[in-house]
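These notes concern the structure reproduced below.
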Amino acid sequence: MKRSLLIFTVLFFSVSCFSQDITGAWYGALNVQGNKLRIVFHISKSDTGYVSTMDSPDQGAKGIPVATTTFNSPDLKLELPALGITCEGKLEN
């Protein structure tokens with residue numbers, strides 16, 4: 001898969017939560033050249049905010065570090081600039 005084509009936006013993630021807790025696993029999919037690839041973001045809370053990793057089960061990739069994880073309720077933004085990826089979603093209760 002070409003890295004330059006990996007720029008995408010995931011418009012919607014669905015998470016059942018109480019309050020504004022975004023920690024845990026977030027599941028989604030992206031379309032790359034007509035192929036659907038599953039992705040999973042693992043988000044945890046740290047002393048300075050949030051940290052995340054990304055898995056791409058269809059490609060066998062696990063634990064890819066996410067450079068920036070930003071949550072300004074209800075907006076979530078995950079950035080992997082080395083791969084040209086920016087992912088945005090909204091937390092809906």
Which heavy atom in Val66 sits nearest to a heavy atom in Met54, and how many Å separate them? CG2-N, 4.1 Å
Give a yes or no on this: more than 12 heavy atoms of other residues, nucleotides or ligands lie within 6.0 Å of atom NZ of Lys45. yes
How far apart are the closest heavy atoms of Leu78 and Ser52, and which atoms are they? CD2-OG, 3.5 Å
Taking side chain as C-beta onward, heavy atoms only, is Lys90 less than 4.5 Å from Asp75? yes
Nearest 0.5 angstrom please: Thr53 OG1 to Ile64 CD1, how far? 8.5 Å
Checking side-chain contact (heavy atoms from CB on, under 4.5 Å) for the pair Lys77/Thr68: CA distance, chi angles, key distance, verdict? CA-CA 8 Å; Lys77 185 173 185 179; Thr68 307; over 6 Å; no
Residues Asp58 and Arg38 bridged, charged N to O under 4.0 Å: yes
What's the verdict on side-chain contact (heavy atoms from CB on, under 4.5 Å) for Ile39 and Leu30, showing C-alpha distance, side-chain angles and the deciding distance? CA-CA 7 Å; Ile39 56 171; Leu30 58 120; 3.3 Å; yes
I need the His42 NE2 to Thr23 OG1 distance, nearest 0.5 Å. 13.0 Å
Before you tell me yes or no, could you show the steps for Tyr50 and Leu76 under side-chain contact (heavy atoms from CB on, under 4.5 Å), namely the whole-Å CA-CA distance, both residues' side-chain angles and the distance that decides it to 0.1 Å? CA-CA 11 Å; Tyr50 294 97; Leu76 174 64; over 6 Å; no
Establish whether Leu91 and Phe41 are linked, either directly or via other cluster members, by ILVMFWY side-chain heavy-atom contacts under 4.5 Å. yes
Under 3.5 Å: donor-acceptor pair, side chain of Asp55, backbone of Val40: no
I need the Asn31 CG to Lys36 NZ distance, nearest 0.5 Å. 6.0 Å
